[in-house]
Amino acid sequence: MKVYRAEDYTSMSRRAANILSAQVILKPDSVLGLATGSTPVGMYRQLINWYDKGDIDFSQTRTVNLDEYLGLAPDHEQSYRHFMQENLFDHINIRPENTHVPDGLAPDPEEECRRYNQIIAGLGGIDLQVLGMGHNGHIGFNEPEEAFELETHVVDLTQDTIRANARFFSSPDQVPRRAITMGIKSIMQARHILVVVSGADKADIVRRAFAGPVTPLVPASILQMHPHLSLVGDEAALSQL
Ligand code: GLP
């Protein structure tokens with residue numbers, strides 16, 4: 001694991017964007033695994049900025065997102081498809097057909113999971129997977145005690161996660177209870193994993209995930225076993241490492 005310590009959120013975002021853009025420059029048709037949440041927003045903003053200056057070209061890049069809420073339409077303000085359009089895709093020259101997010105309205109979610117696994121396999125696997133981390137150590141929506149060996153599957157969100165994500169909805173009742181997420185196995189099969197963390201409120205879980213025992217109680221702890229892991233964080237988030 002390589003740890004990159006950045007002074008603050010802006011330099012953390014810039015460092016993470018450096019790693020991602022190097023991937024795209026070296027291999028223009030890279031398959032990027034992308035994440036939502038507030039942490040990677042600054043990284044996406046930096047990439048848009050470099051794209052505007054003509055420094056990066058996404059015309060051949062393919063993307064697969066980690067997860068999506070079940071029950072939300074792609075154009076719902078809180079869907080992860082909408083998040084990706086707003087925070088990245090609408091501002092760069094990626095081809096819409098090259099971007100993949102699980103379909104939250106799929107009539108048969110189990111079938112949608114199988115379809116999603118086939119998409120990832122059909123693309124030849126993920127070159128670089130971006131990950132944020134929940135306060136309970138979840139990655140994607142792989143909550144504590146999730147089996148490590150799963151690929152894309154349907155999950156029930158924990159009360160913790162529903163509470164944490166309620167800030168984006170008008171009330172906690174509006175937060176979907178279920179989601180589709182890539183599993184730990186899908187994530188671990190990525191050739192390179194880039195974890196982004198920011199803020200003092202993540203310091204404790206960062207320590208438990210990266211300096212504690214590998215356990216399903218802290219899903220992100222499995223990442224310690226990955227042969228090519230980059231952890232990019234600001235001082236506040238890395239203060240206990
Ligand atoms: C959500 C997403 C995760 C993300 C987490 C942390 O639950 N499904 O992929 O890592 O939030 O979000 P934040 O970066 O806002 O702390």
Side-chain angles (χ1 to χ4, degrees), residues 6 8-10 12-13 15-17 20 32-46 63-72 76-84 86-88 100-102 104 113 116 126 128-144 146 150 152-169 172 174-184 186-188 190 193-210 218-223 229-234 236-238:
D8 54 16
Y9 181 73
T10 308
M12 180 282 287
S13 301
R15 180 50 72 96
L20 196 144
L32 304 177
L34 298 180
T36 56
S38 47
T39 315
V41 168
M43 177 187 75
Y44 294 143
R45 210 175 293 138
Q46 179 66 71
T63 67
V64 279
N65 259 78
L66 275 172
D67 47 9
E68 180 60 285
Y69 288 116
L70 269 175
L72 298 193
H76 186 286
E77 278 216 335
Q78 295 307 331
S79 78
Y80 286 167
R81 163 55 80 177
H82 184 261
F83 175 101
M84 289 311 301
E86 289 263 296
N87 287 288
L88 185 65
H100 304 277
V101 180
C113 293
Y116 209 67
I126 298 167
L128 175 65
Q129 176 67 55
V130 177
L131 291 179
M133 229 170 64
H135 289 102
N136 59 4
H138 76 225
I139 46 179
F141 271 134
N142 294 283
E143 300 281 13
E146 188 65 273
L150 293 177
T152 310
H153 60 293
V154 174
V155 285
D156 292 321
L157 303 182
T158 62
Q159 283 308 318
D160 270 2
T161 298
I162 292 169
R163 222 173 297 122
N165 291 352
R167 64 198 150 118
F168 301 114
F169 291 82
Q174 307 284 310
V175 186
R177 274 17 188 189
R178 294 196 307 158
I180 290 181
T181 185
M182 275 189 209
I184 305 272
S186 332
I187 292 170
M188 288 296 282
I193 296 179
L194 167 61
V195 183
V196 287
V197 287
S198 167
D201 57 315
K202 292 281 170 74
D204 182 57
I205 194 64
V206 166
R207 178 184 49 78
R208 288 170 59 208
F210 298 104
V218 182
S221 64
I222 185 72
L223 300 172
L229 177 71
S230 301
L231 171 63
V232 183
D234 56 20
L238 299 182

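Both counts, for ligands and for their atoms, begin at 1 and track the order of listing. Note that the numbering runs from 1 along the sequence shown for the chain.
The side-chain contact (heavy atoms from CB on, under 4.5 Å) test with Met43 is passed by exactly one of Val130, Val232, Leu88, Asn87: Val130.
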* To do: Could you walk me through whether His138 and Thr161 pass side-chain hydrogen bond (donor to acceptor under 3.5 Å, both in side chains), step by step?
  => CA-CA 9 Å; His138 76 225; Thr161 298; 3.2 Å; yes

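Within the structure, ligand 1 has His138 among the residues with a heavy atom less than 4.0 angstrom away. Within the 4.0 Å heavy-atom shell around ligand 1 one does not find Glu143. Residue contacts with ligand 1 include Gly140, since one or more of its heavy atoms lies under 4.0 Å from the ligand.
The N/O atoms of Thr36, backbone and side chain alike, include none that comes under 3.5 Å of an N/O atom in ligand 1. Not one N or O of Thr161 is nearer than 3.5 Å to an N or O of ligand 1, by distance alone. Taking distance alone, with nitrogen or oxygen atoms compared against 3.5 Å, Met133 approaches ligand 1 more closely than that limit.
Given atom 16 (O) of ligand 1, the protein heavy atom at minimum distance is Lys202 NZ, 2.6 Å.
For Glu68 (side chain) and Tyr80 (main-chain N/O), a donor-acceptor pair under 3.5 Å exists by modelled atom type. A donor-acceptor pair under 3.5 Å links the side-chain atoms of Gln78 to the main chain of Phe168, judged by distance alone. No donor-acceptor distance shorter than 3.5 angstrom exists from the side chain of Asn136 to the backbone of Asp160, with no hydrogens or angles considered.
Close approach of ligand 1 to Arg167 is summarised as follows: ligand atoms under 4.0 Å from at least one heavy atom of the residue are 15 (O). Below 4.0 Å from some heavy atom of Gly37 lie the following atoms of ligand 1, by number and element: 12 (O), 14 (O), 15 (O). The atoms of ligand 1 that sit less than 4.0 Å from any heavy atom of Gly132 are 10 (O). Within the listing of ligand 1, atoms 8 (N), 9 (O) sit less than 4.0 angstrom from a heavy atom of Asp67. Near Tyr80, with a cut-off below 4.0 Å to any heavy atom, the atoms of ligand 1 are 1 (C), 2 (C), 8 (N). Taking every non-hydrogen atom of Thr39 and a distance limit under 4.0 Å, the qualifying atoms of ligand 1 come out as 13 (P), 14 (O), 16 (O).
Donor-acceptor pairing under 3.5 Å is lacking for the side chains of His100 and Asn65.
With Ser38, Gly199, Ala220 as candidates, the residue nearest to atom 13 (P) of ligand 1 on a non-hydrogen basis is Ser38.
Applying the 6.0 Å contact sphere to CD of Gln174 captures more than 12 heavy atoms from other residues, nucleotides or ligands.
Ring-plane geometry between Phe169 and Tyr69 is classed as perpendicular, the angle between the planes exceeding 60 degrees on a 0 to 90 degree scale with a lower cut at 30.
Using a 4.0 Å cut-off between heavy atoms, Asn165 contacts ligand 1 through its side chain alone, with no backbone atom that close.
Side-chain contact between Thr10 and Met12: absent, with no pair of heavy atoms (C-beta onward) separated by less than 4.5 Å.
One distance of note links CG of Leu150 with CG of Asn142; it measures 7.5 Å at 0.5 Å rounding.
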